[in-house]
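Note that the coordinates shown come from a computational prediction; the quantities given were computed from them, not determined experimentally.
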Amino acid sequence: MTAAACEAGAGRVALISGASRGIGLAIARELLAHGWRVSAGTRQPVAALAEYGADRCHWSPFDARDPASEAAWVAAAHGHFGGIDAIVHNAGILSDKSVIEASDQDFDDIFAVNVKSPMRLTRLVWPHLRAAPEGKVLVIASLAGKRVRAAEGGLYSMSKAAALMLAHGIRHAGDPDRIRCTAICPGFVATDMADGVDESIKSQLTQPQEVARIARLALELPATASVAEIPVSWRVETAF
């Protein structure tokens with residue numbers, strides 16, 4: 001790690017949900033490479049992060065459907081590092097059901113994971129963000145939260161639209177304490193969710209590492225730069 005990289009993160013602490021793969025893992029690696037310390041909240045330990053050592057990378061069991069695991073994670077991370085500067089809400093689930101096909105249980109499940117859990121986690125971590133020099137919240141939303149491209153994406157889009165509005169609600173709530181919140185809204189990203197697409201398309205998709213670079217930028221901007229949303233797509237769209 002270079003001296004410049006160390007200076008960028010300066011030992012700041014970020015909690016990242018869903019950091020075991022895809023965008024979450026890429027964000028964890030990006031932050032660790034630039035001097036941050038990371039607490040990964042996942043169901044199982046993340047072997048890919050073990051090389052960084054316990055002084056820089058902490059793991060705690062976390063399940064977005066289990067509120068008790070949220071409180072335990074925040075307490076464990078704070079106890080391990082002595083402070084929390086940022087939280088990245090990355091964990092989420094998909095749905096391929098239209099708003100006509102989706103049952104009440106489908107609705108409850110996706111909103112529990114994609115909206116209610118990050119809202120609860122933010123409440124839990126709030127006192128620590130207020131105590132930090134410049135507290136930050138990052139919500140990995142989606143372009144799906146800004147438009148519905150097909151009927152089968154309806155329920156997922158509803159949940160991501162709610163997650164996007166959660167980010168805006170956090171942004172306003174944090175203003176008195178200069179806690180900044182940014183929603184990153186990726187389109188199709190080359191994670192395991194893209195395994196079934198044609199190789200010619202896959203090679204053009206936004207890479208997780210690119211989203212991670214954007215995430216670090218948002219987290220490292222000073223409080224004088226409040227950025228509400230960052231939409232990013234692998235192709236030029238008519239509105240974004």
Would you mind checking if Asp55 and Arg37 are paired as a salt bridge, meaning a charged N to carboxylate O distance below 4.0 Å?
-> no

Leu138 side, atom CG; Leu15 side, atom CG - distance, nearest 0.5 Å | 12.5 Å

So if you build clusters from Ile, Leu, Val, Met, Phe, Trp, Tyr with side-chain heavy-atom gaps below 4.5 Å, do Met158 and Met165 land together?
-> no

Can you name the nearest heavy-atom pair linking Leu143 to Pro231, along with the distance?
-> CD2-CB, 3.7 Å

Which residues satisfy the salt bridge (charged side-chain N to carboxylate O under 4.0 Å, His left out) test with Asp96, sequence neighbours excluded?
-> none

Kindly say whether Ser226 contributes a backbone atom to a donor-acceptor pair with the side chain of Arg180 at under 3.5 angstrom?
-> no

Rounded to the nearest 0.5 Å, what's the gap from CD1 on Ile170 to CG on Leu129? Could you check?
-> 9.5 Å

Just wondering, do Trp126 and Ile179 contact through their side chains at under 4.5 Å, heavy atoms?
-> yes

Please tell me if the side chains of Val232 and Cys185 come closer than 4.5 Å, counting only heavy atoms from C-beta onward.
-> no

Roughly how far, to the nearest 0.5 Å, is CZ of Arg235 from CD1 of Ile201?
-> 8.5 Å

Side chain proximity check, Arg65 to Asp109, heavy atoms < 4.5 angstrom = yes

Ring centers of Phe188, Trp234 separated by less than 6.0 Å | no

Worked check of side chain to side chain contact (heavy atoms under 4.5 Å, CB included) between Ile214 and Glu210 = CA-CA 7 Å; Ile214 295 169; Glu210 294 160 358; 5.6 Å; no

Give the cluster check for Trp36 versus Val137: same hydrophobic cluster or not, with ILVMFWY residues linked at side-chain heavy-atom distances below 4.5 Å.
-> no

CD/Glu51: more than 12 non-hydrogen atoms of other groups inside 6.0 Å = yes

Is the side chain of Asp106 donor-acceptor paired with the backbone N or O of Ser103 at a distance under 3.5 Å, no angle test?
-> yes

Measure the CG-OG1 distance between Leu221 and Thr182 for me, rounded to the nearest 0.5 Å.
-> 7.5 Å

Which of parallel (below 30°), tilted (30 to 60°) and perpendicular (above 60°) describes His58 and Phe81?
-> perpendicular

Between the side chain of Ser157 and the main-chain N/O of Gly145, is any donor-acceptor distance below 3.5 Å?
-> no

Please report the shortest heavy-atom distance between Ala183 and Ala167, naming the atom on each side.
-> CB-CB, 3.7 Å

Is the number of heavy atoms from other residues, nucleotides or ligands under 6.0 Å of Asp192 CG greater than 12?
-> yes

State, without any angle test, whether Ser117 and Glu70 hold a side-chain donor-acceptor pair at a distance under 3.5 Å.
-> yes

Between Ser233 and Glu237: side-chain donor-acceptor atoms closer than 3.5 Å = yes

Nearest heavy-atom approach of Ala19 to Val46 is O-CG1, 3.9 Å

Ser20 and Arg43, any side-chain heavy atoms less than 4.5 Å apart | no

Take atom CZ of Arg213 as the centre, draw a 6.0 Å sphere, and report whether it contains more than 12 heavy atoms from other residues, nucleotides or ligands.
-> no

Check Leu31 against Ala14 and note the closest heavy-atom contact, atom names and distance.
-> CD1-CB, 3.8 Å

Mind checking whether Glu152 and Ser98 have side chains closer than 4.5 Å, heavy atoms only?
-> no

Please round to the nearest 0.5 Å and tell me the distance separating atom CZ of Phe62 and atom CG of Leu121.
-> 5.0 Å

Hphob cluster co-occupancy, Val99 + Ile93, side-chain heavy atoms under 4.5 angstrom | yes

Identify the two heavy atoms, one from Ser159 and one from Val115, that lie closest to each other, and give their separation to 0.1 Å.
-> O-CG2, 3.4 Å

If you take all heavy atoms of Cys57 and Tyr52, which pair is closest and at what distance?
-> CB-CB, 4.0 Å

Are the side chain of Glu134 and the backbone of Ala223 linked by a donor-acceptor contact shorter than 3.5 Å?
-> yes

Which residue pairs pass the side-chain hydrogen bond (donor to acceptor under 3.5 Å, both in side chains) test when at least one of the two sits in residues 82-94, sequence neighbours left out?
-> His89-Thr122

Thr206 versus Pro186: any side-chain heavy-atom pair under 4.5 Å?
-> no

Is the shortest heavy-atom distance from the side chain of Arg56 to the side chain of Val38 under 4.5 Å?
-> no

Does Val139 share a hydrophobic cluster with Ile184, counting links as ILVMFWY side-chain heavy atoms below 4.5 Å and allowing steps through other members?
-> no

Using only heavy-atom distances, determine whether the side chains of Thr42 and Trp59 contain a donor-acceptor pair under 3.5 Å.
-> yes

So if you build clusters from Ile, Leu, Val, Met, Phe, Trp, Tyr with side-chain heavy-atom gaps below 4.5 Å, do Leu219 and Leu49 land together?
-> yes

Check whether the side chains of His34 and Glu220 place a donor and an acceptor atom closer than 3.5 Å, and report yes or no.
-> no

Can you find a pair of side-chain heavy atoms, one from Glu229 and one from Leu164, that are under 4.5 Å apart?
-> yes

May I ask you to decide if Phe111's main-chain N or O and Lys116's side chain share a donor-acceptor pair within less than 3.5 Å?
-> no

How many angstroms lie between atom OG of Ser95 and atom NZ of Lys160, to the nearest 0.5 angstrom?
-> 12.5 Å

